[in-house]
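All residue numbers refer to positions in the sequence shown, counting from 1. Worth knowing before you read on, the calculation uses all heavy atoms, side chains too, and leaves out hydrogens, waters and symmetry mates.
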Amino acid sequence: MYRKSIKELIKWKLDKRRKPLIILGARQVGKTWLIKEFGRTEYKRTVYINFEEEKKMRELFIADFNISRIISALEAFAGYQIEPNETLIVFDEIQMASQGITSLKYFCENAPQYNVVVSDSLLGMMLHEGTSFPVGKVDFLHLYPMSFYEFLLAMNENGLANILENKQFDIMSLFSNKFIEFLRYYFYVGGMPEAVATFAENRDWQKTRKVHQKILLAYERDFSKHAPKEIFPRIKMVWQSIPSQLAKENRKFLYGLIKEGARAKEFELAIQWLLDSGLLIQCFRNKEPKIPLNAYQDLSAFKLYHNDIGLLSAMSKLSPRTVIEGNLLFTEYKGVLAEQFIIQQLKIDDKLSIFYFSPDSYSMEVDFIIQNENDEVIPIEVKAGTNLKTKSFKFFCEKHKPTKAIRTSLADYKQEAWMTNLPLYAINMI
């Protein structure tokens with residue numbers, strides 16, 4: 001299995017201004033595997049401590065933050081000497097160790113020669129009450145579910161992955177049917193590493209769905225285990241409403257779908273908890289396609305997407321036949337999956353600001369509007385099939401004249417005067 005984030009870890013290792021690195025991400029997205037693979041391929045040795053399992057080590061940082069003492073304790077635990085720049089020090093589930101997060105400040109200030117990587121679920125980051133966070137003393141890397149590109153590699157479709165990576169549009173159209181086939185697989189399997197590995201092994205649909213169900217159950221157990229008791233029931237209600245929220249023609253989040261008469265004030269903390277845990281993706285409304293987009297956002301209007309399309313498919317109880325054959329149910333629901341797919345792929349690029357567009361002055365909506373690192377504003381119209389009629393999108397482009405505009409669908413790549421037709425499976429080429 002390959003994760004592109006390995007490249008970011010190598011850059012971090014070579015950075016002369018390197019600080020202790022915190023890898024953030026929802027549970028089950030592959031943080032531990034990524035760190036261990038990084039240690040195996042880039043270092044002579046790895047000292048790995050999982051504080052959830054190694055209960056005796058949880059008090060490692062309580063006495064003081066003397067790095068020499070801490071290193072000695074780590075060497076005793078590992079059974080060998082820790083060599084700066086040759087040994088990777090890994091603190092997994094650091095939220096379980098008292099003062100563990102605070103210790104990173106002293107590694108940064110007093111012992112920068114040591115390579116320290118910390119794994120902490122976004123959920124765990126909320127559990128450090130009374131702990132001083134080392135602001136400015138750590139680097140961050142966000143890890144998300146596997147992208148479609150990574151999914152192709154896991155399925156041993158290196159040729160298709162290389163076509164995407166190299167943006168070979170002329171060759172891409174020759175293999176469009178094959179790309180679409182694996183896109184449908186991805187709609188069902190998603191990007192959670194265990195689900196991908198299970199499906200790649202023998203394409204067992206039922207075993208893959210059982211993995212989804214296990215992950216969803218683990219998430220709901222986290223609600224009851226870690227969430228404040230007063231908002232736990234509301235977290236569960238918001239979570240369970242996501243499929244029905246997205247099934248509407250207008251995907252805007254409506255509190256009334258959670259329960260009759262529900263208001264924002266009742267559920268805003270529950271929603272924030274799910275967002276902080278990395279389990280949902282929030283997309284706010286933008287009212288003006290101007291730089292910066294976030295200056296023109298409407299904080300009262302937003303859409304909530306799942307963190308993974310496979311888990312959304314499982315929550316929606318979509319069968320393999322529904323996804324692969326594209327029957328009537330899939331025809332009605334696949335617009336949801338297409339939007340989920342697009343925002344999930346775009347979210348991987350932390351440099352993008354992602355919104356949906358809906359102005360006050362006239363009735364229309366553009367599925368997504370993004371601002372990239374070059375401060376370009378790019379509207380994106382998502383079409384689940386090959387029906388490419390885009391009245392609102394064309395009106396937007398005629399009115400605002402963006403330098404780039406993307407219509408993404410199952411149709412082949414085509415450059416037109418006012419926009420680019422980009423296949424769904426190639427959205428990361430944007």
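Taking the centre of each ring, H226 and W273 stay at or above the 6.0 Å mark. Proximity of the aromatic rings of Y185 and F182 is defined here by a centroid distance below 6.0 angstrom, and this criterion is met. For Y356 and F368, the ring centers sit 6.0 Å or farther from each other. F355 and F284 have their aromatic ring centers separated by at least 6.0 angstrom. Close placement of the H400 and F357 rings is indicated, their centers lying within 6.0 Å of each other. Taking the six-membered ring for Trp, F223 and F232 have ring centres at least 6.0 Å apart.
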*After noting the C-alpha distance and the side-chain angles of I22 and L104, does the key distance pass the side chain to side chain contact (heavy atoms under 4.5 Å, CB included) rule?*
CA-CA 9 Å; I22 298 178; L104 301 181; 4.0 Å; yes
*asked:* Would E54 and N50 count as a side-chain hydrogen bond (donor to acceptor under 3.5 Å, both in side chains) here? Give the steps.
replied: CA-CA 6 Å; E54 302 293 341; N50 185 318; over 6 Å; no
*List the steps, then state whether side chain to side chain contact (heavy atoms under 4.5 Å, CB included) holds for F393 with V382.*
CA-CA 10 Å; F393 185 58; V382 181; over 6 Å; no
*Evaluate the side chain to side chain contact (heavy atoms under 4.5 Å, CB included) criterion for residues K303 and R285: first the C-alpha distance (whole Å), next the side-chain angles of each, then the deciding distance (0.1 Å), finally the verdict.*
CA-CA 8 Å; K303 301 176 183 180; R285 172 190 175 219; over 6 Å; no
_The test is side chain to side chain contact (heavy atoms under 4.5 Å, CB included); show your working for L164 and F179 and say whether it passes._
CA-CA 10 Å; L164 287 183; F179 275 115; 3.8 Å; yes
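Heavy-atom contacts from other residues, nucleotides or ligands closer than 6.0 Å to NZ of K105 number 12 or fewer. The neighbour count for F169 CZ, taken as heavy atoms of other residues, nucleotides or ligands under 6.0 Å away, is above 12. The number of heavy atoms from other shown groups lying within 6.0 Å of CD (E416) is above 12. For K11, the NZ atom is loosely surrounded, since the number of other residues' heavy atoms within 6.0 Å does not exceed 12.
Of all non-hydrogen atoms in D412 and S176, the two that sit nearest each other are OD1-CB, 3.3 Å. The heavy-atom pair separating Q206 from P320 by the smallest distance is NE2-CG, 4.4 Å. Counting all heavy atoms, side chain and backbone alike, M172 lies closest to A426 at SD-CB, 4.0 Å. Taking both residues in full, the closest heavy atoms of L410 and R184 are given as CD1-NH2, 4.4 Å, listed atom of the first, atom of the second, then distance. The two residues G190 and V196 make their nearest non-hydrogen contact at O-CG2, 3.4 Å. The minimum heavy-atom distance between I82 and I89, with the atom names listed, is CG2-CD1, 4.1 Å.
Residues P134 and I101 have side chains in contact (heavy-atom distance under 4.5 Å, counting atoms from C-beta outward). At least one side-chain heavy atom of Y413 sits less than 4.5 Å from a side-chain heavy atom of L422. Counting only heavy atoms from C-beta outward, the side chains of L424 and F148 never approach each other to under 4.5 Å. For the pair W12/R18, a side-chain contact is recorded, criterion being any heavy-atom separation below 4.5 Å from C-beta on. W33 places a side-chain heavy atom less than 4.5 Å from the side chain of R3.
Note that the OG1 atom of T208 and the CE atom of M192 stand 13.5 Å from one another [nearest 0.5 Å]. In this structure, I271 CD1 and D276 CG are separated by 12.0 Å, a value rounded to the nearest 0.5 Å. Atoms CG and CG, from L34 and L141 in turn, are 7.0 Å apart once rounded to the nearest 0.5 Å. N307 CG to I215 CD1: the interatomic distance, rounded to the nearest 0.5 Å, is 9.0 Å. From H306, atom NE2 reaches atom CG of L274 across 9.5 Å, with rounding to the nearest 0.5 Å. Distance check: I242 CD1 to F253 CZ gives 5.5 Å after rounding to the nearest 0.5 Å.
Salt-bridge formation is not detected for the pair E86/R45: no Lys NZ or Arg NE/NH1/NH2 atom is positioned less than 4.0 Å from an Asp or Glu carboxylate oxygen. Here E109 pairs with K137 in a salt bridge; the nearest charged N to carboxylate O distance falls below 4.0 Å. For K287 and E365, the salt-bridge test fails: no basic side-chain N is under 4.0 Å from an acidic carboxylate O. For the pair E165 and K4, the salt-bridge criterion is met [side-chain N within less than 4.0 Å of a carboxylate O]. Between K259 and E266 there is a salt bridge, since at least one side-chain N of the basic residue sits less than 4.0 Å from a carboxylate O of the acidic one. Using a 4.0 Å cut-off between a side-chain N of Lys or Arg and a carboxylate O of Asp or Glu, R27 and E93 qualify as a salt bridge. Ion pair D139/R17 not flagged as a salt bridge, since none of the NZ, NE, NH1 or NH2 atoms sits closer than 4.0 Å to an Asp/Glu carboxylate oxygen. Between K394 and E381, no side-chain nitrogen of the basic residue sits less than 4.0 Å from a carboxylate oxygen of the acidic one, so the salt-bridge criterion is not met.
Remark: of the listed residues Y186, Y149, Y144, Y186 is the sole one forming a side chain to side chain donor-acceptor pair (under 3.5 Å) with Q345. Each of K347, Q282, E339 was scored for a side chain to side chain donor-acceptor pair (under 3.5 Å) with Y305, with one residue passing: E339. When each of K210, K207, K214 is tested with E194 by the rule salt bridge (Lys or Arg N to Asp or Glu O under 4.0 Å), just one qualifies, namely K214.
In terms of modelled atom types and a separation under 3.5 Å, the side chain of S409 and the main chain of A411 share a donor-acceptor contact. A side-chain donor-acceptor contact under 3.5 Å links S319 to the backbone of T322. Judged purely by atom type and a 3.5 angstrom limit, R251 uses its side chain to pair as donor or acceptor with the backbone of K248. Proximity of a side-chain donor or acceptor of E42 to a complementary backbone N or O of G39 within less than 3.5 Å is not detected. The backbone N or O of S300 lies less than 3.5 Å from a partner atom in the side chain of D298, making a donor-acceptor pair. Although no hydrogens or angles enter the test, the distance criterion places no donor-acceptor pair under 3.5 Å between the side chain of S392 and the main chain of M364. Put simply, the side chain of K290 never gets that close to the backbone of Y296: no donor and acceptor are under 3.5 Å apart. Not a single donor-acceptor pair under 3.5 Å links the side chain of S353 to the backbone N or O of I370. No donor-acceptor pair closer than 3.5 Å links the side chain of T87 to the backbone N or O of P84. A donor-acceptor pair is defined here as one N or O able to donate and one able to accept, closer than 3.5 Å; such a pair exists between the side chain of H212 and the backbone of V189.
For the pair K36 and Y48, the cation sits on the ring face: its NZ or CZ lies under 6.0 Å from the ring centre, inside 45° of the axis. In this structure, R209 fails the cation-pi test against F199, since its NZ or CZ atom is not both closer than 6.0 Å to the six-membered ring centre and inside 45 degrees of the ring normal. Figure legend: K13 and Y43 shown as a cation-pi pair, the cationic atom lying under 6.0 angstrom from the six-membered ring centre and within 45 degrees of its axis.
Ring geometry for F91 against F51 counts as tilted: the plane angle lies between 30° and 60°, on a 0 to 90° scale.
Q371 and D375 form a side-chain donor-acceptor contact under 3.5 Å, judged by distance and modelled atom types alone.
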